[in-house]
Amino acid sequence: MNAVWTIARHEARRIFVSPLAWAVLAVTQVIFGWVYIGMLMQYLQNYQTADQYTGVSDFIGGGLYGTATIVLLLVMPLMTMRLFAEERKSNTLTLLFSAPVSLTQIVLGKFFGLLSFVGALVLLLAAMPAALLPAVNLDLGRLGAGLLGLFLITMSFGAAGMFISSLTREPTIAAIGSFGLLLLVWLLRMPAQFDNGFKSVLEYLSLISHYQDLISGLFHSSDVVYYLLFTALFLWLTVLRLDIERN
Amino acid sequence: MDSDSLIEARGLTRRYGPNLAVGDLNLTLRKGEVLGLLGPNGAGKSTSMKMLTGNLAPTSGDVLIRGISLRESPQLAKRHLGYLPEQPPVYPELTVDEYLGFCAGLHGIGKKQRAEAVADAKRDCGLTHMSSRLIGNLSKGYQQRVGLAQAIIHRPDVIVLDEPTVGLDPIQIREIRSLIAELGKNHSVILSSHILPEIQAVCGRVMIINAGRLVYDAHIDAHLGKKGLVAQFANAPAASELQFTGVQKVDIGPAGRFLLELADGADPRAELVNAAVQRGWGLLELRLETRTLEEIFVELTSGDATLREAA
């Protein structure tokens, strides 16, 4: 466990000393801020129509966090592309492979390091509605479910991106590859609109189906389990991929 | 002798598809030995080193580090291993201290001893005054030293260095060499290179690999500087027929060539010519020479070489 912690801290440090992480945080914050203000203004325009069932929390949960998911789908591949591809390209992967640590420890360490970045993103998104707290009565449970959903889906993006990154030595290829994979899993639902034999299967597998309930504040443990399984699958595939590299 | 062998390779073989990269490599290294792995480009030096350090799984064979199998318990075995690959595995965005701290942690050095281990490694590699510099801003020579510091930070028994002086200027090469010689006193070092004087300067023992096979294994002082007789015959005699007085050892080279190792002061040339005439060997070439590593190397790698075992 010590080795996992060491690698995770190292990875987090490397993420946060790179200008890329700060650029991503800055750009996404500008977009999120813009959407957030837009949502608040929209609410102010229509507050008469708001009743006891819809409130500020819905606008933030459904609007801001919904948009955030799409933005994160675009930027997470940039954060995961370096994880293995760059290490392979600059020959630093050898350092990890010759050290007395297992492949599982390497993969988990890198993944937890990445989660520190995901955590920072989600915290910043939590800070926006939190700024309303002194003035507005927010449905914290609802926002909490939304943030949890956001964390889980970003974590899944991260795991899938890490796997793609372990396949190649070119970070840019890893980025476009993970973007393609994520978008595909996202859109698995599309054919499910038509009534065919796979409707329920495809709808279950799609990343987005499990998210919509969570951001609107409906907590199903099956949705949480879906994201955990999705993450575990790609972590396991990454370990397998790295093992092949030695053979 | 077996009890103090720190690293032992048994029948190490690696194939890439139909191509044999390394075939049946056996190697034993004892405490305090500096072994030079020589070979022309593409001979299989780097592949061998990757297998010795667990970066590449051998097709067959195994590596034992202090008797621990790298195949069966890789994590345990790698604790005793330090490896500097051809390109130093450094992160340009970290400082020397941050990087070495990470390496120490990776090798399981506890938090309390970490600062000391980092300081020792920096001192040994002459990096103390570079502690807070970003590795990416250091020159190639200093980056190489950081790579070397990484390989020795956990004081492993076996240090494997793949072409440690490649791309350095002559002064840096000298510094790195003296550092390796210093390390060789307390650790066992395996060093690969295709630069012959380098091997001669720092290694106590040399192995030559050609086309994936071990063709020479000897202690440097056992063969070098000794007089030898090179003879080539049209009808090659058996090696046993060449045991004239003063001949210590007969090596068979390619194309009817023989290398006779001579005792000090011995000169069996006249005797050899007589025998060649009487027995009809058809003497083509006869020359007395002092063998250098370079000659041995060229001889062994530029023809069909046979395996020789040195005394």
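The basis for the numbers below is simple: all heavy atoms, side chains too, and nothing from hydrogens, waters or symmetry mates. Chain naming here is simple, since letters A, B, ... match the order of the sequence lines and numbering starts at 1 in each.
- When the heavy atoms of residues 118-125 of chain B are compared with those of chain A, none of the residues falls under 4.5 Å.
- A:Pro100 approaches B:His107 most closely through the heavy-atom pair CD-CD2, 3.2 Å.
- For A:Leu233, the CG atom counts as densely surrounded, since its 6.0 Å shell holds more than 12 non-hydrogen atoms of other residues, nucleotides or ligands.
- More than 12 non-hydrogen atoms from other residues, nucleotides or ligands lie less than 6.0 angstrom from CZ of A:Arg246.
- Here B:Lys111 pairs with nothing under the salt bridge (charged side-chain N to carboxylate O under 4.0 Å, His left out) rule; sequence neighbours left out.
- Only the side chain of B:Pro85 comes within contact range of chain A, with heavy atoms under 4.5 Å apart.
- Between B:Glu93 and A:Arg82 a salt bridge is recorded (basic side-chain N to carboxylate O distance below 4.0 Å).
- Interatomic distance, A:Arg9 CZ to B:Glu98 CD, rounded to the nearest 0.5 Å: 10.5 Å.
- Considering OG1 of A:Thr94 and NZ of B:Lys50, their distance stands at 7.5 Å, rounded to 0.5 Å.
- Remark: B:Ser46 pairs with B:Glu86, B:Asp162 by the side chain to side chain contact (heavy atoms under 4.5 Å, CB included) rule, at least two apart or across chains.
- By the 4.5 Å heavy-atom criterion applied to side chains, B:Tyr83 and A:Leu95 are not counted as neighbours.
- Formation of a donor-acceptor pair under 3.5 Å by the B:Lys78 side chain with backbone atoms of A:Phe97 is found in this model.
- Heavy atoms of B:Leu94 lying under 4.5 Å from chain A belong exclusively to its side chain.
- The closest side-chain heavy-atom distance from A:Arg13 to B:Phe102 is not below 4.5 Å.
- Of the residues considered (B:Gly101, B:Ala57, B:Pro88), B:Ala57 shows the highest number of contacts with chain A, using heavy-atom pairs under 4.5 Å.
- In this structure, chain A has a heavy atom under 4.5 Å from the backbone of B:Val90, while its side chain stays farther away.
- With sequence neighbours excluded, no residue satisfies ring-ring contact (aromatic ring centres under 6.0 Å, His included) with A:Phe179.
- Ranked by heavy-atom pairs under 4.5 Å with chain B, the list A:Thr92, A:Asn91, A:Val17 is led by A:Thr92.
- One finds the OG1 atom of A:Thr6 at 5.5 Å from the CZ atom of B:Arg114 (value rounded to the nearest 0.5 Å).
- Under a cut-off of 6.0 angstrom, the local environment of CD in B:Glu116 is sparse, with at most 12 non-hydrogen atoms contributed by other residues, nucleotides or ligands.
- Under the 4.5 Å side-chain criterion, counting only non-hydrogen atoms from C-beta, A:His10 is not in contact with B:Leu106.
- Between the side chains of B:Asn55 and A:Ser98, at least one donor N or O lies within less than 3.5 Å of an accepting N or O.
- When the shell of 6.0 Å around CZ of B:Arg10 is examined, it contains 12 or fewer heavy atoms from other residues, nucleotides or ligands.
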